[in-house]
There are 2 protein chains.
Amino acid sequence: MKEGPDIAHIAALIGDPARANMLTALMSGKALTATELAGEAGISAQTASTHLAKLSEGGLVVTRKQGRHKYSTLANDGVAHLLESLMGIAAKSGHLRTRTGPKDAALRKARVCYNHLAGDMGTHMYDSLMQRGLILHDETDLSLTQTGATFVSEFGIDLDTLQRNRAPLCRDCLDWSERRAHLAGSVGRAMLSRMIDLGWARRLENSRVIRFSSSGEAAFAKHFPL
Amino acid sequence: MKEGPDIAHIAALIGDPARANMLTALMSGKALTATELAGEAGISAQTASTHLAKLSEGGLVVTRKQGRHKYSTLANDGVAHLLESLMGIAAKSGHLRTRTGPKDAALRKARVCYNHLAGDMGTHMYDSLMQRGLILHDETDLSLTQTGATFVSEFGIDLDTLQRNRAPLCRDCLDWSERRAHLAGSVGRAMLSRMIDLGWARRLENSRVIRFSSSGEAAFAKHFPL
DNA sequence: CAAATGCTTCGCTTAGCATCGAACTATGAA
DNA sequence: TTCATAGTTCGATGCTAAGCGAAGCATTTG
């Protein structure tokens, strides 16, 4: 009767509102402590502790002890991807968001998705890179072309360091607001952090929103034309 | 505090074992009646009825009344895609499948995923089509090339009829066993049903397994070389 | 018509689990 | 050492929801 893996177990892990809030908070890509996560979810520290144990046991989250703190992050890109898929379906199917605040527009424009750029500007960048032949799909994954590699290097990213990791350089990730692909993977992460280093944008506190300065937005448009 | 859509609600829908079993059964792509689904999940008809109401209300499933039967299917490709993602994560993270039966190997080789071909042979076909330039990625989706369209037509598929639908012709779908892409979308569905019409393969009862005859497998290899 | 089948609604029971208070361990600071 | 902070474990509580029996509605069949 039972075929394939046990999806109910891990779906149930995400299905609790408190845990879902923690996971959403971790979509920022930052490593958060247990108490921070408790705050995000609006629950006590004890409860958060048990939740974290379950999430980690279920392989959705990995933790690292450092002094008296315990930092948690999403276990891998796959989990982030899964969460975005969930958001996509949750967004369109049914009684949508609880409260459509002013933040919502900002989130749709540019936000962080597991440390890479998502939202309108994320898909814009993806389209630009794709159209100019800097990235392409081989059958299974996304990869940089030769010209793409030089472009990325000239943008100030050290590809050699990234390549030392086993993780794929490029992946695509489906955007819940745009329902289109954007650039994930280690290059995607590096691109975003480089933009922040360049002063183009900054991350808002306690939020996934990325705010571009007007000059930053201009530079962005110049670097990623369509 | 709450950003983005409510993922907990729909994750909770999938998180119940009975409902998860129903959804997995629907991954076959067949429309199943309420009692059939009750059987799949191992619960009574009444309980299945309430579960179906919730699934439909949550937008994961659509139902159609026909006489005294009520047929359910997955709501759209996105839901199927989400379920496959879940299986992928569930498969690798943690205490894996409950029981690795003989069926498992067959499932990995060829199975149906929302009416299209998945598993080893599914990714094989995808790779072949991609390598020969019959399908390609534009920035957002997958599409047939000119030569791809004639290939598909010569295979015996009426593209005009398919195109009348609003649904995308091609999509890619991530395989939980192979962790690679395979061909979904209406063309993917048509390909599989054509293979069955040609007698290459048949679907096993009460299972997602697709069994190719030896001559069918030979024909498959000939049509989709690498 | 009556009988049978498929599905749904109601009411009830039960089990699981999220939650917190309180007590305990571990690390860092004064 | 003493105090403070971070995190965990235990026990008790209370709510939610899954499950089924029974009754009801709808549709097809004899």
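Scope of the values below: all heavy atoms of this structure, side chains included, with no hydrogens, waters or symmetry mates. Bear in mind the structure is a predicted one, so any value in this text is a computation, not a measurement. Throughout, a chain's letter reflects where its sequence line sits, starting with A, and its residues are numbered from 1.
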**Request:** Compute whether any side-chain donor of one residue and acceptor of the other, for His116(B) and Arg189(B), lie under 3.5 angstrom apart.
**Result:** no
**Short side-chain to backbone donor-acceptor contact, Ser213(B) and Trp200(B), under 3.5 Å** = yes
**Prompt:** Looking across every strand, which nucleic acid part, if any, lies under 4.0 Å from Ala48(A) by heavy atom: base, sugar-phosphate, or nothing?
**Reply:** nothing
**Request:** Counting heavy atoms from C-beta on, name the nucleotide in dA18(C), dG19(D), dG7(D) closest to the side chain of Ala34(A).
**Result:** dG7(D)
**Per Ala45(B) side chain, nearest of listed nucleotides dT8(C), dA18(D), dG19(D)** = dT8(C)
**Item:** Nearest-Å distance for atom pair CG/P, residues Leu52(A) and dG7(D)
**Value:** 9 Å
**Prompt:** Between dT9(C), dA22(C), dC7(C), which nucleotide has the shortest distance from any of its atoms to the side chain of Gln46(B)?
**Reply:** dT9(C)
**dC20(D) phosphate, OP1 or OP2, under 4.0 Å from Thr47(B) side-chain N/O** = yes
**Asked** Between dC7(C) and Thr35(B), is there an OP1 or OP2 to side-chain N/O distance shorter than 4.0 Å?
**Response** yes
**Asked** So do the side chains of Tyr126(A) and Leu117(A) get within less than 4.5 Å of each other, counting heavy atoms only?
**Response** no
**Proximity to the side chain of Ile43(B) - top-ranked nucleotide from dC20(D), dT19(C), dA18(D)** = dC20(D)
**Prompt:** Given dT8(D), is OP1 or OP2 found less than 4.0 Å from the side-chain N or O atoms of Ser49(A)?
**Reply:** yes
**Under-4.0 Å side-chain N/O to phosphate OP1/OP2 contact, Lys65(B) with dG6(C)** = no
**Message:** Whether Arg111(B) and Glu84(B) form a salt bridge (side-chain N of Lys/Arg under 4.0 Å from carboxylate O of Asp/Glu) is what I want to check.
**Reply:** yes
**Request:** Would you kindly give the CZ-to-P distance between Arg19(B) and dA17(D), to the nearest whole Å?
**Result:** 9 Å
**Prompt:** Is it true that Phe224(B) and His124(B) have ring centroids separated by less than 6.0 Å?
**Reply:** no
**Asked** Rounded to whole angstrom units, what separation is found between the CD1 atom of Ile14(A) and the P atom of dA18(C)?
**Response** 14 Å
**Asked** Would you say dT27(D) has OP1 or OP2 under 4.0 Å from some side-chain N or O of Lys70(B)?
**Response** no
**Asked** Can you tell which of dG6(C), dA18(C), dA18(D) lies closest to the side chain of His51(B)?
**Response** dA18(D)
**Message:** Go nucleotide by nucleotide along DNA chain C from the 5' end; which of Ser44(A) and Arg68(A) gets its closest nucleotide reached first?
**Reply:** Ser44(A)
**Message:** Expressed as a whole number of angstroms, how long is the span from Glu36(B):CD to dG6(C):P?
**Reply:** 10 Å
**Asked** Out of dA6(D), dT9(D), dA18(C), which nucleotide sits closest to the side chain of Lys54(A)?
**Response** dA18(C)
**Asked** Could you give the CZ-to-C1' distance, from Arg64(B) to dG6(C), as a whole number of Å?
**Response** 16 Å
